[in-house]
Colleague: 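Got a structure for you, written out below as structure tokens; questions coming shortly.
Each residue takes its place number in the sequence, starting with 1. These numbers come from the heavy atoms of this one structure, side chains and all, not from hydrogens, waters or symmetry mates.
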Amino acid sequence: GQPDYPDRFSSVAHGRRWLERYFNWHNFEHHHSGLGGFTPEQVFTGRYRELMKAQQVTLNNHYHAYPERFVHGAPTLAGPPEKVVINPYTPDESATPGATDLVNFPTLNRVKQKITLSKS
């Protein structure tokens with residue numbers, strides 16, 4: 001979790017201020033390991049491509065200057081994954097027309113059923 005996350009927010013304004021700072025940090029400053037060391041903003045905007053090129057030039061220069069330090073050969077950057085998902089669609093869901101336009105939240109149908117049953 002976030003180490004400075006408050007036990008409680010003293011007000012809605014306090015919560016909004018804290019979350020605004022958190023989302024700003026997360027999106028623009030946090031270099032995420034799951035995104036190849038780039039920030040969400042860099043990946044979302046595509047800026048990571050320029051940054052990767054510059055990083056690769058630096059790696060190449062170091063490799064050529066000190067090849068003995070690179071026991072596995074010339075280094076290459078992997079970059080962020082092509083696709084990131086939290087709840088991937090199953091093949092059956094993907095084959096259903098229009099299904100991938102919806103939010104893929106597996107427990108949503110159970111929540112809907114509970115609401116429907118409670119209204120009965």
Colleague: Would you list the pairs meeting salt bridge (charged side-chain N to carboxylate O under 4.0 Å, His left out) in which at least one residue belongs to residues 27-37, sequence neighbours left out?
Modeller: none
Colleague: Going by the rule salt bridge (Lys or Arg N to Asp or Glu O under 4.0 Å), which residues pair with Arg47 if we only count those two or more places apart in sequence or in a different chain?
Modeller: Glu41
Colleague: Distance check, rounded to the nearest 0.5 Å: Thr39 atom OG1 versus Leu51 atom CG?
Modeller: 8.0 Å
Colleague: Mind checking the CZ-NE2 spacing from Phe38 to His31? Nearest 0.5 Å is all I need.
Modeller: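 One gets 9.0 Å once the value is rounded to the nearest 0.5 Å.
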Colleague: Can you measure from CE (Met52) to OG1 (Thr76) and round to the nearest 0.5 angstrom?
Modeller: 8.5 Å
Colleague: Could you note down all residue pairs passing side-chain hydrogen bond (donor to acceptor under 3.5 Å, both in side chains) where residues 59-69 supplies at least one of them, sequence neighbours left out?
Modeller: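 Checked against side-chain hydrogen bond (donor to acceptor under 3.5 Å, both in side chains) - neighbours excluded - the pairs reaching residues 59-69 are Gln56-Asn60.
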Colleague: So, using ring-ring contact (aromatic ring centres under 6.0 Å, His included) as the criterion, who are the partners of Phe28 when residues are at least two apart?
Modeller: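 Phe28: no ring-ring contact (aromatic ring centres under 6.0 Å, His included) contacts found.
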Colleague: Linking directly or through intermediates, with side-chain heavy atoms under 4.5 Å: list the remaining ILVMFWY members grouped with Phe44, chain and number order.
Modeller: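 Answer for Phe44: none, a lone residue.
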Colleague: Once you round to the nearest 0.5 Å, how far does NE2 of His30 lie from CG of Asn24?
Modeller: 13.5 Å
Colleague: Ser10: what forms a side-chain contact (heavy atoms from CB on, under 4.5 Å) with it, not counting sequence neighbours?
Modeller: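 Applying side-chain contact (heavy atoms from CB on, under 4.5 Å) to Ser10 gives His14.
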Colleague: Which pairs pass salt bridge (charged side-chain N to carboxylate O under 4.0 Å, His left out) with one or both residues in residues 12-25, sequence neighbours excluded?
Modeller: none
Colleague: When clusters are formed from ILVMFWY side-chain contacts under 4.5 Å, directly or step by step, what else is grouped with Val57?
Modeller: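 So far as hydrophobic clustering goes, Val57 is joined with none.
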Colleague: Which residues, ordered by chain and number, are linked to Phe9 in its hydrophobic cluster, where ILVMFWY side chains connect at heavy-atom gaps below 4.5 Å, directly or through other members?
Modeller: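 Via sub-4.5 Å side-chain contacts, Phe9 links to Tyr5, Trp18, Leu19, Tyr22, Phe23, Trp25.
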Colleague: Gly34 and Pro81: which non-hydrogen atoms are nearest, and at how many Å?
Modeller: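 Residues Gly34 and Pro81, closest heavy atoms: O-CD, 3.3 Å.
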